[in-house]
Amino acid sequence: MKCKICKDKAEIYLRSYNLALCREDFIHFFERKVKRSIEQWKMFTRKEKILVAVSGGKDSLGLLHLLGKLGYDVTGYYINLGIDGYSDVSQNKVKEFSRSSGIMILIEDVRVSWGTGIGDLAKKVRRPPCSLCGMVKRYLMNRAAVEFDAMATGHNQDDETATLLGNLLRWDKGYLARQSPVLKEKRGLKKRVKPLSFITERESAAYALMEGIDYIMEECPLAKGATSLFYKGILNQLEEKMPGTKSRFLKGFLEYQRNHPLIEEEEELVACKRCGSLTTSEVCNFCRLEDKIKS
Ligand SMILES: [Zn+2]
Ligand SMILES: [Zn+2]
């Protein structure tokens, strides 16, 4: 197969575009697509300071690499969650990336203050690890973002469609109202952006590979059996039968949401007695978790 643009040997075929591309033209295609999302959704400008959450995986490291390459003011942020056989490997990938790219990455390790990892903790407080992990990451990320203008994450189109499906199946209006590639700064939370919202998992993996980014390929071992992975599987089956389904599903929702915004019911927020972050209860979820660890 030949590249549609330069007629050299094609490295990748993109079925939903019926497009074959060589390495160079794919990288160009990919970067233009992300840049267009950033501009169309008015995510951020080159004057803003962006904190990019990285896990050591292809999406987040690819995003940090790409934003640096496009000249945005980026810093990475990595949280070591103390997951056996996983966190230390991912931290090494992150460190190596920082060293070779020259992009600064802030590193936090939950074991320093907790003395244990997120897996143990989830057992102790009897919560599903993924929901606990999500809460902890949101809290720490928000705390780290104080001196930045926006927080960016590497969620791709496959992640976003799986989340959308889950939210729709539960008719979770609060989450649906907040599902967007960009959330403005609001109620103590920094602006949150997802520049890879319209990039497929496969495109993201190909980009990281072609740009020579060394990333952790394994999925988080605690995520085994997670509902989000089940939804991804179902969506992949749909995509297989009807190419373009995932993209139409997500874009259709966002288009509808733009014209008929779901109004989020806003609970009153108060400052957490311990840490001062805004919360719906006297003491925030994160501080309550820390209380449990200490007791
Ligand atoms: Zn080409
Ligand atoms: Zn608190």
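When a residue number appears, it is its place in the shown sequence, counting from 1.
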Exactly one of Ser60, Ser87, Cys220 should register a side-chain contact (heavy atoms from CB on, under 4.5 Å) with Ser55. Which one does?
Ser60
For atom CD of Glu219, decide whether the heavy atoms of other residues, nucleotides or ligands shown that lie under 6.0 angstrom number more than 12.
no
Using distance alone, with no hydrogens and no angle criterion, decide if Asn18 and Arg15 have a side-chain donor and acceptor under 3.5 Å apart.
no
So, Ser180 side chain and Leu183 main chain: donor-acceptor pair closer than 3.5 Å or not?
no
From CG (Asp109) to CG (Asp88), nearest 0.5 Å:
7.5 Å
Phe26 vs Glu11 side-chain heavy atoms within contact, under 4.5 Å
no
Is atom CD of Glu282 surrounded by more than 12 heavy atoms (other residues, nucleotides or ligands) closer than 6.0 Å?
no
Closest non-hydrogen atoms of Leu289 and Met135, given as atom of the first, atom of the second and distance, are CD2-CE, 4.2 Å
Near Glu39 CD, under 6.0 Å, is it more than 12 heavy atoms from other residues, nucleotides or ligands?
yes
Interatomic distance, Leu262 atom CG to Leu176 atom CG [nearest 0.5 angstrom]:
6.0 Å
Check ion pair Glu96-Lys93 (N to O, under 4.0 angstrom):
no
Could you tell me how the ring of His260 sits relative to the ring of Tyr256: parallel (under 30°), tilted (30 to 60°) or perpendicular (over 60°)?
parallel
What is the ring orientation for Tyr139 with Phe286, classed by angle as parallel under 30°, tilted 30 to 60°, or perpendicular over 60°?
parallel
Of the non-hydrogen atoms in Ser37 and Met43, which two are nearest, and what is the gap between them?
O-CE, 3.9 Å
In Å and rounded to the nearest 0.5 Å, what is the CD to CG distance from Glu240 to Leu235?
13.0 Å
Side chain of Gln157, backbone of Leu196: donor and acceptor closer than 3.5 Å?
no
How about Met104: does its CE atom have over 12 heavy atoms from other parts shown lying under 6.0 Å from it?
no
Any side-chain donor paired with an acceptor under 3.5 Å for Thr163 and Tyr175?
no
I need the minimum non-hydrogen distance between Leu250 and Leu164, along with the two atoms involved.
CA-CD2, 4.0 Å
Sequence neighbours left out, what passes side chain to side chain contact (heavy atoms under 4.5 Å, CB included) with Phe44? Give chain and number order.
Ile38, Glu48, Ile50, Leu67, Tyr72, Lys191, Val193, Pro195
Please tell me if the side chains of Ser98 and Ile103 come closer than 4.5 Å, counting only heavy atoms from C-beta onward.
no
Steps toward side chain to side chain donor-acceptor pair (under 3.5 Å) verdict (Ser90, Tyr78)
CA-CA 9 Å; Ser90 63; Tyr78 172 82; 2.7 Å; yes
Please name all residues satisfying ring-ring contact (aromatic ring centres under 6.0 Å, His included) with Tyr17, sequence neighbours left out, ordered by chain then number.
Phe29
Asp159 and salt bridge (Lys or Arg N to Asp or Glu O under 4.0 Å): which single residue from Lys246, Lys194, Lys232 fits?
Lys232
Give a yes or no on this: more than 12 heavy atoms of other residues, nucleotides or ligands lie within 6.0 Å of atom CZ of Arg170.
yes
Got Pro181 and Gln40 here, is their nearest side-chain heavy-atom distance under 4.5 Å?
no
Using distance alone, with no hydrogens and no angle criterion, decide if Ser281 and Arg288 have a side-chain donor and acceptor under 3.5 Å apart.
yes
Should we count NZ of Lys33 as having more than 12 external heavy atoms under 6.0 Å?
yes
Taking atom NZ as the centre, does Lys69 end up with more than 12 heavy-atom neighbours from other residues, nucleotides or ligands that are less than 6.0 angstrom away?
yes
